[in-house]
There are 2 protein chains.
Amino acid sequence: MKRQNFSRKREAILEAICATDTHPTAEWVYQRLKAEFPDLSLGTVYRNIAQFKSAGRIRSVGVVKGQERLDGDTAPHAHFVCSGCGAMLDLKRDFLPREVNEEVGKIFGLEVENHELVFRGKCNHCMRKHPGA
Amino acid sequence: MKRQNFSRKREAILEAICATDTHPTAEWVYQRLKAEFPDLSLGTVYRNIAQFKSAGRIRSVGVVKGQERLDGDTAPHAHFVCSGCGAMLDLKRDFLPREVNEEVGKIFGLEVENHELVFRGKCNHCMRKHPGA
DNA sequence: TTCAATAATAAGAATTATTATTGATTTGAT
DNA sequence: ATCAAATCAATAATAATTCTTATTATTGAA
């Protein structure tokens with residue numbers, strides 16, 4: 001017969017990450033799937049995340065408040081991180097052309113693979129909550 | 001007369017961070033100063049780093065391999081992080097004008113305070129060590 | 001079906017980085 | 001010298017992540 005148990009949790013982990021734009025943490029994924037898979041363990045989530053990362057199916061988009069944030073959208077794009085609530089938003093707009101990687105590599109004598117642009121500040125919600133920050 | 005409350009250790013911690021361009025970790029600072037201050041504790045390093053950060057005298061420039069990296073140069077500039085050895089280099093060149101912060105804020109309805117641009121890849125040294133990576 | 005090899009798993013221990021607590025000591029204005 | 005606030009080291013606590021281990025599931029072959 002076809003495998004059942006094999007892939008379901010793993011698929012669900014990947015699916016959960018890809019289906020959200022919240023740039024979730026491992027803990028978020030775990031909490032999300034616990035209802036559907038009561039015997040899921042956090043270690044399994046971490047293990048699969050590591051595998052998906054090295055397979056290039058998801059990527060890490062930084063650490064916010066000590067927790068790694070994941071993104072199922074592996075196409076390069078910029079982010080905004082709210083220093084209040086930690087929300088991470090996509091900023092899909094071309095700030096820097098991709099050629100800049102090559103340029104930088106040449107100028108500084110490095111092998112540049114990619115770049116990450118992160119804006120920081122307060123999101124709309126936190127702006128109202130803590131005005132004048 | 002205003003109190004200074006700057007002990008020698010405290011001065012040394014700030015000085016150590018500002019005097020290097022390696023973007024050190026707390027542990028690095030601790031190891032660095034242990035010879036001069038044998039009774040220094042890692043907790044003191046962390047405590048002072050936190051104070052210097054909130055006073056704006058140093059800043060955090062990201063987390064590499066799970067460790068927070070510090071920079072005594074608070075003027076905005078881009079960085080390069082080597083995925084091999086974790087080295088962090090300054091790239092002092094204007095990639096994005098500062099006005100982009102305001103623009104992004106307007107366009108996306110956010111209060112943007114700053115942005116961080118990080119290039120990733122292999123440094124010269126690691127390039128030779130692991131060719132073709 | 002039975003078997004062995006392989007891969008996925010949960011649970012929890014271990015590790016690592018960081019923060020908080022505590023109680024003693026030092027500092028500096030008076 | 002006095003005294004309150006600042007500073008300190010040591011230690012305990014916390015939080016995120018990784019590692020270990022024993023168990024179970026899957027597969028392909030005999």
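Residue numbering restarts at 1 for every chain, and letters A, B, ... go by the order of the sequence lines. On a predicted model such as this, the values are computed, not experimentally measured, just so you know.
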Interatomic distance, [X] [atom1] vs [N] [atom2] [rounded to whole Å]:
X: Arg8(A); N: dA25(D); atom1: CZ; atom2: C1'; answer: 14 Å
X: Lys34(A); N: dA11(C); atom1: NZ; atom2: P; answer: 11 Å
X: Glu68(A); N: dT18(D); atom1: CD; atom2: P; answer: 7 Å
X: Asn48(A); N: dA8(C); atom1: CG; atom2: P; answer: 8 Å
X: Phe37(A); N: dA10(C); atom1: CZ; atom2: P; answer: 10 Å
X: Ile49(A); N: dA8(C); atom1: CD1; atom2: P; answer: 16 Å
X: Glu11(B); N: dT26(C); atom1: CD; atom2: P; answer: 20 Å
X: Leu42(B); N: dA13(D); atom1: CG; atom2: P; answer: 18 Å

What nucleotide among [options] has an atom nearest to a side-chain atom of [X]?
X: Lys9(A); options: dA10(D), dT19(C), dT9(C); answer: dT9(C)
X: Thr44(B); options: dA9(D), dA10(C), dT17(D); answer: dA9(D)
X: Arg10(A); options: dA9(D), dA10(C), dA8(C); answer: dA8(C)
X: Arg47(A); options: dA8(C), dT19(C), dA9(D); answer: dA8(C)

Legend entry - Under 4.0 angstrom between Lys65(B) side-chain N/O and dA17(C) OP1 or OP2: no
Legend entry - Distance below 4.0 Å between Tyr46(A) side-chain N/O and dT17(D) OP1 or OP2: yes
How about [X] and [Y]: do any of their side-chain heavy atoms sit closer than 4.5 Å?
X: Leu110(B); Y: Leu89(A); value: yes
X: Arg69(B); Y: His79(B); value: no
X: Thr20(A); Y: Trp28(A); value: yes
X: Leu117(B); Y: Phe95(A); value: no

Legend entry - Partner residues of Phe108(A) under the ring pair (Phe, Tyr, Trp, His ring centres under 6.0 Å) criterion, sequence neighbours left out: none
Inset, instruction - Kindly write out the residues that satisfy side chain to side chain donor-acceptor pair (under 3.5 Å) with Ser83(A), not counting sequence neighbours, or none if the list is empty. - result: Lys122(A)
Inset, instruction - For Gln67(B) and for Gly43(B), find the nucleotide of DNA chain C with the closest heavy atom, then tell me which residue's nucleotide is more 5'. - result: Gln67(B)
Legend entry - Within residues 50-63 of chain A: residues closer than 4.0 Å to DNA chain D (heavy atoms): none
Inset, instruction - May I ask you to check whether over 12 heavy atoms, not counting those of Arg32(B), lie within 6.0 Å of atom CZ? - result: no
